[in-house]
Protein chains: 2
Amino acid sequence: MQKIVPNISVDCVIFGFDFKQLNVLLVERKLQDEKTGETLIDDWTLTGYHIFEDEDFDTAAARILKGLSGLDNIYLEQFYAFGKVSRVDSPKDNIWLKHQHEGFSSRIVTVGYYSLIDNSTVTLQLQERNVKWFSITDLPELGFDHQEILNKALEKLRSKLRSEPIGFELLPEKFTLSQLQKLYEAILGTTYDRRNFRKKVLQMKYIIPLNEKQKAVKHKPAQLFIFSRDVYERTKRERFDFSI
Amino acid sequence: MQKIVPNISVDCVIFGFDFKQLNVLLVERKLQDEKTGETLIDDWTLTGYHIFEDEDFDTAAARILKGLSGLDNIYLEQFYAFGKVSRVDSPKDNIWLKHQHEGFSSRIVTVGYYSLIDNSTVTLQLQERNVKWFSITDLPELGFDHQEILNKALEKLRSKLRSEPIGFELLPEKFTLSQLQKLYEAILGTTYDRRNFRKKVLQMKYIIPLNEKQKAVKHKPAQLFIFSRDVYERTKRERFDFSI
DNA sequence: TGTTAGTGTGTGAAATTTACACATTGTAAA
DNA sequence: TTTACAATGTGTAAATTTCACACACTAACA
């Protein structure tokens, strides 16, 4: 059994895309009074855990994600560290932490990672806890300061999506241009003209058309594409928004 | 006297611009053997310190910066948290930490902030330590993992500079377009055509020309401009690089 | 009064962005 | 088998942005 670092944790914001919405994975936090049966806490949190003494941040994040999904090699990006003294301070949070009595420190600092997974295939679970996908446009009440953490994760994800090809991590290997467009629209909260989007994407040589079409759809099947990181790395050029 | 958190620190990467180069402020780390006088350590580090028990990350970063400059309200941005188990591991680092004997933990995690200041005016100092500006193109040997931290800071600064108007933090309030151009060139490592740069900047309404010219220069004095964050916030539009 | 060093300005070609409408394809239901 | 449905796939013209490029101007100083 490894020793945990009592005052440092890692929280994972796990994003998934179902071809319609951007979703985030949350774990239910439920606590009932042992005697009266009264519901003391019933809300949702991100998944996180303390780091071990001999463990890097990245490793801890990957461990947490693996515990939930069984998957390795998932896209993970550290986006912010949260260190406010008062970040875990509500009565509910204190009841919960006391109940866990794992020797947590009173002042816990957390490092946020977001992770992008194709949630059309995987189903995630955590032993004995209720785990569920929520659309980012329709979130339940969140425990701790996890609403703030999620907001920051979204902000950083959006910013990164604007300048780097990370959206593909949320799609299956083979995807259609409409799926890609919906992904960008869902995350950035805009809409694009289909023809213009298509024109733009098709001139990117690292988005490669396949001789293959969608199957089992009840309409005209669309052409499938893959993203080549290889071609991307070789051909990318530093664009300068110059948004000063 | 406040108690420090033994395993968490904040490190500040302090950037300055002298109208030619992007510079970073470093503190000399020098240690001589008390008996033999032999130089055990002689290199440079970023400025950092442990956080206090009742202190937020942001507050700690501001405190460190204030200790060095006497200044408040300096631009500070958290850019990454460093948590590798082996991040402070070299013989030199261990000698240094032992010598400090302030009860530091063996595993120290640090949160990186970068700060942008106009170094044409301020001179910084730290009591009893040698403090110096270094061009980022000509750095000395750095202690701990500070080279890695600096690299990350630069990467994040560059990325942010491409999409947000933070460059002005490195300039005096009134600046010329050439100064602005050199700033961008120094940080991003490119060059721009003067006419095109000027054209681009002048169509940004939040860069406002003054009825005032440079003084005490031995050539044709240039017009001065100010940046209006106010106008920027009102008129900015989300540009979409779409660099997928 | 000439030299120096950096400022300030315009145009045309090429590339990119934007707005916009209709025919096509496969599935499923009538 | 026919029809309705739902989503795919495609082109053009106008507007805007990007890019390359050279010479006259001004203050200070010698």
Side-chain angles (χ1 to χ4, degrees), chain A residues 17-21 120 162-163 171-172 174-186 188 190-205 207-226 235-244, chain B residues 17-21 120 162-163 171-172 174-186 188 190-205 207-226 235-244:
Chain A
F17 180 65
D18 59 7
F19 301 131
K20 293 200 186 69
Q21 304 262 354
S120 65
R162 277 175 208 282
S163 61
L171 293 172
K174 300 174 183 180
F175 54 87
T176 72
L177 295 192
S178 287
Q179 290 168 349
L180 187 64
Q181 181 177 348
K182 288 216 189 74
L183 170 66
Y184 275 81
E185 291 177 340
L188 299 178
T190 31
T191 56
Y192 301 99
D193 174 83
R194 191 163 76 251
R195 274 179 289 191
N196 291 338
F197 184 92
R198 180 166 264 273
K199 211 186 308 173
K200 188 154 193 165
V201 168
L202 288 180
Q203 73 193 23
M204 300 171 183
K205 295 308 176 203
I207 295 182
I208 302 169
L210 300 175
N211 276 329
E212 207 175 329
K213 293 192 170 185
Q214 246 182 337
K215 290 212 170 93
V217 286
K218 59 173 194 173
H219 53 75
K220 176 174 176 179
Q223 186 172 23
L224 293 171
F225 292 77
I226 55 169
T235 61
K236 73 176 167 187
R237 50 181 174 145
E238 298 286 317
R239 295 279 267 113
F240 185 12
D241 246 351
F242 205 68
S243 300
I244 51 170
Chain B
F17 180 64
D18 59 8
F19 302 130
K20 294 200 184 71
Q21 305 261 355
S120 65
R162 276 175 208 282
S163 61
L171 292 173
K174 301 173 183 180
F175 53 87
T176 72
L177 295 191
S178 286
Q179 289 168 349
L180 187 64
Q181 181 177 348
K182 288 217 188 74
L183 170 65
Y184 275 83
E185 291 177 340
L188 298 179
T190 31
T191 56
Y192 300 101
D193 173 83
R194 191 163 77 250
R195 275 179 289 192
N196 292 337
F197 184 93
R198 179 167 264 272
K199 211 185 309 172
K200 187 154 195 169
V201 168
L202 288 180
Q203 72 192 25
M204 301 170 183
K205 296 308 175 202
I207 295 180
I208 301 170
L210 300 174
N211 275 329
E212 208 176 327
K213 293 193 170 184
Q214 247 182 336
K215 289 213 170 94
V217 286
K218 59 174 195 174
H219 53 75
K220 176 174 177 179
Q223 187 171 23
L224 292 172
F225 292 78
I226 55 169
T235 61
K236 73 177 166 185
R237 51 178 175 147
E238 298 285 318
R239 296 281 265 111
F240 185 12
D241 246 351
F242 205 66
S243 301
I244 53 171

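All of these numbers come straight from a predicted model, not from anything done at the bench. Throughout, protein chains are lettered first and strands after them, A, B, ... in sequence-line order, and every chain is numbered starting at 1.
Remark: C1' of C/dA15 and CE of A/Met204 are 15 Å apart, rounded to the nearest angstrom. Atom NZ of B/Lys215 and atom P of C/dT7 are 17 Å apart (whole Å). At whole-Å resolution of the value, CD in A/Gln179 and P in D/dA7 are 12 Å apart. Atoms CG (B/Leu202) and P (D/dT18) sit 14 Å apart, rounded to a whole Å. The CZ-C1' distance, from A/Phe175 to D/dT8, rounds to 16 Å in whole Å. The interatomic distance linking B/Phe197 (CZ) with D/dC19 (P) rounds to 13 Å, in whole Å. Following rounding to the nearest Å, B/Lys200 (NZ) and D/dT17 (C1') show an atom-to-atom distance of 8 Å. One interatomic measurement links the two molecules: CD of B/Gln214 to P of C/dT7, which rounds to 7 Å at whole-angstrom precision.
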In residues 213-221 of chain A, what donor-acceptor pairs under 3.5 Å come from side-chain atoms, sequence neighbours left out?
{"residue": "A/Gln214", "atom": "OE1", "partner": "A/Ala222", "partner atom": "N", "Å": "3.0"}

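Proximity of B/Arg194 to the phosphate of C/dG8: no side-chain N or O atom is located under 4.0 Å from OP1 or OP2.
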Every protein N/O lying under 3.5 Å from an N/O of nucleotides 10-14 of chain C:
{"residue": "C/dG10", "atom": "N1", "partner": "B/Arg195", "partner atom": "NH1", "Å": "3.4"}
{"residue": "C/dT11", "atom": "O4", "partner": "B/Lys199", "partner atom": "NZ", "Å": "3.0"}

Atom pairs, N/O to N/O, protein against nucleotides 25-30 of chain D, distance under 3.5 Å?
{"residue": "D/dT26", "atom": "O2", "partner": "B/Lys220", "partner atom": "N", "Å": "3.4"}

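For the pair A/Leu202/A/Phe225, a side-chain contact is recorded, criterion being any heavy-atom separation below 4.5 Å from C-beta on. In this structure the side chain of B/Lys182 never reaches within 4.5 angstrom of the side chain of B/Phe19, judged on heavy atoms.
With hydrogens and angles disregarded, no donor-acceptor distance shorter than 3.5 Å links the side chain of A/Gln223 to the backbone of A/Pro209.
Among the atoms of the strands shown, only primed sugar atoms or phosphate atoms (P, OP1, OP2) are found under 4.0 Å from some heavy atom of A/Ser178. Contacts of A/Gln223 with the nucleic acid, taken as non-hydrogen atoms under 4.0 Å apart, involve only primed sugar atoms and P, OP1 or OP2.
Between atom CG of residue B/Asp18 and atom CD of residue B/Gln179 there is a gap of 11.0 Å, rounded to the nearest 0.5 Å. The distance from atom CG of A/Leu177 to atom CG of A/Leu183, rounded to the nearest 0.5 Å, is 12.0 Å.
For B/Ile226, the side-chain contact (heavy atoms from CB on, under 4.5 Å) partners two or more places apart in sequence, or in a different chain, are B/Glu173, B/Lys174, B/Ile208, B/Leu210. Annotation: side-chain contact (heavy atoms from CB on, under 4.5 Å) contacts of B/Ala186 (sequence neighbours excluded): B/Phe17. By the side-chain contact (heavy atoms from CB on, under 4.5 Å) test, B/Asn196 is found to be paired with B/Asp193, B/Lys199, residues two or more places apart in sequence or in another chain being considered.
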